[in-house]
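Contents: one structure, followed by commentary.
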Amino acid sequence: MSNLYQLFQACFEEHGAKVLLETERRAYTGAELDAAVAAYAAALAGLGLRAGERLAAQVEKSAENLLLYLACLRLGAVSLPLNTAYQPAEVAYFLGDAQPRILAAAPERRAALEAVAKQAGVRLVTLGAAGEGELAGLAAEAAARPHTAIAGRDDGDLAVICYTSGTTGRSKGAMITHGNLASNARTLVELWGFSADDTLLHALPLYHIHGLFVALHCAFLSGARTVLQARFAPAAVLERLPQCSVMMGVPTFYTRLLAEPALDAARCRNTRLFISGSAPLLADTFKAFEARTGKRILERYGMTETGMISSNPLHGERRAGTVGLPLPGVAVRITGEDGDPLPAGAAGMIELRGPNVFKGYWQMPEKTAAEFRAGGWFVTGDIGVRDTDGYLRIVGRAKDLIISGGLNIYPKEIEEVLDAQAGVLESAVFGLAHPDFGEAVAAAVIAQPGARLAEEDLLAGLRGELAGFKLPKKIWFLDELPRNAMSKVQKAVLRERYKDAFGGG
Ligand code: AMP
């Protein structure tokens, strides 16, 4: 029997009188957290939610949202955290696909979601970030008769279905088990030196693995205190940073913090660890952050289907532009187009296996089979290189690979050269259909504040460093790159926007 919640409960009990969770509205000691989870579990059980059944949640970031997740674990039910930006038509797809018993949604969404919930035969209950809504009311009533039992679960039983953001095709539900989450969390606590002395500044969303699993599970296993901020706001982060020993963020957090004059070494004095992931951290950001604060950001790499895969070390060299070394217990290899492992220094597909690798895509056995190789290796879709001393670098996504005139081009290589040009803040290189070359290289470039850039000058700078076939055939100058909430550049948006630039395919 190994329900993940048992691990958390042991920690909540050990730190029964200590504040483990703090929001803008209230604080919870370990004992209060466990009691609140038991009340929510009773409320959900009262609504008929049973072990193995699913609950979809489209709730704003809050303690309530978190209690709902923990209550599902406690009941052995499977939660589906949904991005709060999803529109009713998108929610309808998730409901139809996952067939949850309950949809918990913010009260202000009730009117918009009623029809889709009804059509899918799903019970809609409201839960608001300020502790309002039907579910909060039911939990308050249930506090007198809490559901204290913890459902027995095996390592292979589902804990969560996380829908991947999927920029192409239909979003896939990654089935993540209790064993996946427990193994990854234990490894990270050890690797990053989490303890009850830590205070975690949490400004990430709760509908993605970064904020929900990586950050919170480390805290809930170690007895660290979590300061839960409703959203990332640089001023609020800077205000609390002096009382926080760890912060986790996406790269955009760090670039936005760097834009604040108040970010300095004194303010970061008590923060032992700044962690970045979910999207590539520019080497420039790493350097600028170190120059300003004296802290070297620790970059790590992971994905929904696998949890964390690699990390720069806590002690030892944190190498800018790399995602560090494979986690203990996780085997990583780089393979060529034929699926055979490649030697150090060669770019190829990143594959891995380990207890962190998910169980497959919900009701998509063919898609699942297509992404695993014999021996249980999961094919990430990321292209990477391992240095001779084991550090992993991500060169790009396989689906972003550009094939122009039959030649393979990795956008990252061109982006690095572009980013190094005077006046360039950042860039995104992508392929567009081209009648002659099949695909043509195109780029979107963001200038540094005040810099004036011209396409011809940039191309002149690239010419000495890149083969002619890699040079962008067109450069667009934008104010900012399209990014999703996890800071990932949405190249699909750029490809769509400029798809006819060369007359299409
Ligand atoms: P998600 O499933 O939304 O967490 O997205 C996973 C993808 O994010 C990975 O497959 C990578 O392409 C990307 N990713 C995550 N961490 C990093 C990182 N540190 N550097 C570059 N890409 C990253």
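Numbering of ligands and ligand atoms starts at 1, following listing order.
- Among residue pairs with one or both ends in residues 477-498, those qualifying as ring pair (Phe, Tyr, Trp, His ring centres under 6.0 Å) are W476-Y498; sequence neighbours excluded.
- Listed here is the closest heavy atom pair of L212 and L216: O-CB, 3.3 Å.
- Of all atoms in ligand 1, listed by their number and element, those nearer than 4.0 Å to a heavy atom of R397 are 10 (O), 12 (O).
- Heavy-atom separations between T380 and ligand 1 are all 4.0 Å or longer.
- Every heavy atom of T164 sits 4.0 Å or more from the atoms of ligand 1.
- Among the atoms of S276, none of the N or O lies under 3.5 angstrom from an N or O of ligand 1.
- Each of the atoms 20 (N), 21 (C), 22 (N) of ligand 1 lies under 4.0 Å from some heavy atom of P280.
- Between the side chains of Y361 and E305, at least one donor N or O sits under 3.5 Å from an acceptor N or O.
- Taking the six-membered ring wherever Trp is involved, the centroid distance between the rings of Y254 and F286 does not fall below 6.0 Å.
- Partner of F220 under the ring-ring contact (aromatic ring centres under 6.0 Å, His included) criterion, chosen from F8, Y69, F194: F8.
- Heavy atoms of I394 found under 4.0 angstrom from ligand 1 belong exclusively to the side chain.
- Side-chain contact check for N65 and S62: no donor-acceptor pair (N or O, by modelled atom type) lies under 3.5 Å.
- For the pair Y301 and ligand 1, the shortest N or O to N or O distance does not fall below 3.5 Å.
- Of the N or O atoms in E305, none lie within a sub-3.5 Å distance of an N or O in ligand 1.
- For ligand 1, the atoms sitting less than 4.0 Å from at least one non-hydrogen atom of V323 are 18 (C), 19 (N), 20 (N), numbered in the order shown with element in parentheses.
- Using a 4.0 angstrom heavy-atom cutoff, M486 does not count as in contact with ligand 1.
- In this structure, H210 has no heavy atom closer than 4.0 Å to ligand 1.
- Ring centroid separation for the pair F437 and F469 does not come in under the 6.0 Å cut-off.
- For the residue pair S183 and N356, no side-chain donor N or O sits within less than 3.5 Å of a side-chain acceptor on the partner.
- Residues in residues 325-342 take part in these side chain to side chain donor-acceptor pair (under 3.5 Å) pairs, two or more places apart or across chains: R333-E351, T335-E351.
- Proximity of S278 to ligand 1, defined as any heavy-atom pair under 4.0 Å, is confined to the backbone N, CA, C and O atoms.
- In the vicinity of E299, heavy-atom distances shorter than 4.0 Å reach the ligand 1 atoms 18 (C), 19 (N), 20 (N).
- The ligand atoms of ligand 1 that sit less than 4.0 angstrom from a heavy atom of T304 are 1 (P), 2 (O), 3 (O), 4 (O).
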